[in-house]
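Please read the structure below before turning to the comments.
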Amino acid sequence: MRIGLYGGTFDPIHLGHLIVMENVINYMNLDRIIILPSSNPPHKKDKKITEVNTRVEMVSEAIKDNDKIILSTFESTDQVIRYTHDTIKYFTDSLKEHEIFYIMGEDSFMTIDTWKNYKYILDSNIIVFSRESIDPHSKLVDKVKNIRKDNPNIFLVNSLSINISSTLIRSLVKDEKSIKYLVKDGVDYIIKQRNLYA
């Protein structure tokens, strides 16, 4: 099988995340995506993050009607920092009979050189989704072309220009605005019940 790994904080998970995954499944002919909420993301050490079990619960609620997306707690069972290269190695080693792809956004990909053991990551199968329609003359395209000289398995996928972010969701909730149609109803319910982001 062709399996994608999609990590993140998901604070909260929203329709933009879900659309990205569905689009990547379609474009790359993936059989499954393993979604990996992170308990202790190394790039957000100084930011307040919702307790991990609540974020995992929201992810579970958001994907429950899609049997192609599977929740993994590999990065969320404790407060240990798990770097991307550790996650890729774990799943590549434990799912040897499958083809593994790591899915990441344009912003993350553009700063990949600052990530721990980034050369290992760049030797893997990587799917990059863009924030907007792909500009063939952009820095993103240039970077992908440059890395493809050493690893042809870097794939660029248009994200359908879905400009929703977790930051936007949190800001709307804080301002007591509606987030209907931006998150799944079950996620909206959890946010309201737990008084998250208020």
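Fair warning: this is a prediction, and the values are worked out from it, not measured in the lab.
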Open item on the list: Holding to salt bridge (charged side-chain N to carboxylate O under 4.0 Å, His left out), I want the full list of residues that pass it with Lys116, two or more places apart in sequence or in another chain.
Closed with: none
- [ ] With sequence neighbours excluded, tell me which residues meet side-chain hydrogen bond (donor to acceptor under 3.5 Å, both in side chains) with Thr54.
- [x] Glu51
- [ ] Not counting sequence neighbours, list each pair that qualifies as a ring-ring contact (aromatic ring centres under 6.0 Å, His included) and has a residue in residues 169-190.
- [x] none
Open item on the list: Run the salt bridge (charged side-chain N to carboxylate O under 4.0 Å, His left out) test against Asp175 and tell me which residues pass, sequence neighbours left out.
Closed with: none
TODO: Apply ring pair (Phe, Tyr, Trp, His ring centres under 6.0 Å) to Phe10 and list each qualifying residue two or more places apart in sequence or on a separate chain.
DONE: Tyr6, His17
- [ ] Can you run down the salt bridge (Lys or Arg N to Asp or Glu O under 4.0 Å) pairs that involve residues 2-23, sequence neighbours left out, and say none if there aren't any?
- [x] Arg2-Glu99
TODO: Answer yes when Lys192 and Asp188 have at least one side-chain N-carboxylate O distance shorter than 4.0 Å, and no when they do not.
DONE: yes
Task: Any pair counted as salt bridge (Lys or Arg N to Asp or Glu O under 4.0 Å), so long as it reaches residues 64-74, sequence neighbours left out - done: Glu61-Lys64, Asp65-Lys184
Open item on the list: Thr87: which residues meet the side-chain hydrogen bond (donor to acceptor under 3.5 Å, both in side chains) condition with it, sequence neighbours left out?
Closed with: Glu75
Task: Heavy atoms from other residues, nucleotides or ligands near CG of Asp107 exceed 12 (cutoff 6.0 Å) - done: yes
Task: Listed partners of Arg82 passing salt bridge (charged side-chain N to carboxylate O under 4.0 Å, His left out), at least two apart - done: Asp78
TODO: Could you list the residues that satisfy salt bridge (charged side-chain N to carboxylate O under 4.0 Å, His left out) with Lys174, not counting sequence neighbours?
DONE: none
Task: Qualifying residues under ring pair (Phe, Tyr, Trp, His ring centres under 6.0 Å), relative to Tyr90, sequence neighbours excluded - done: Phe74
- [ ] If a pair satisfies salt bridge (Lys or Arg N to Asp or Glu O under 4.0 Å) and one of its residues is in residues 141-150, list it, with sequence neighbours excluded.
- [x] Asp113-Lys143
Task: Flag side-chain contact, heavy atom, 4.5 Å: Tyr102 against Thr84 - done: yes
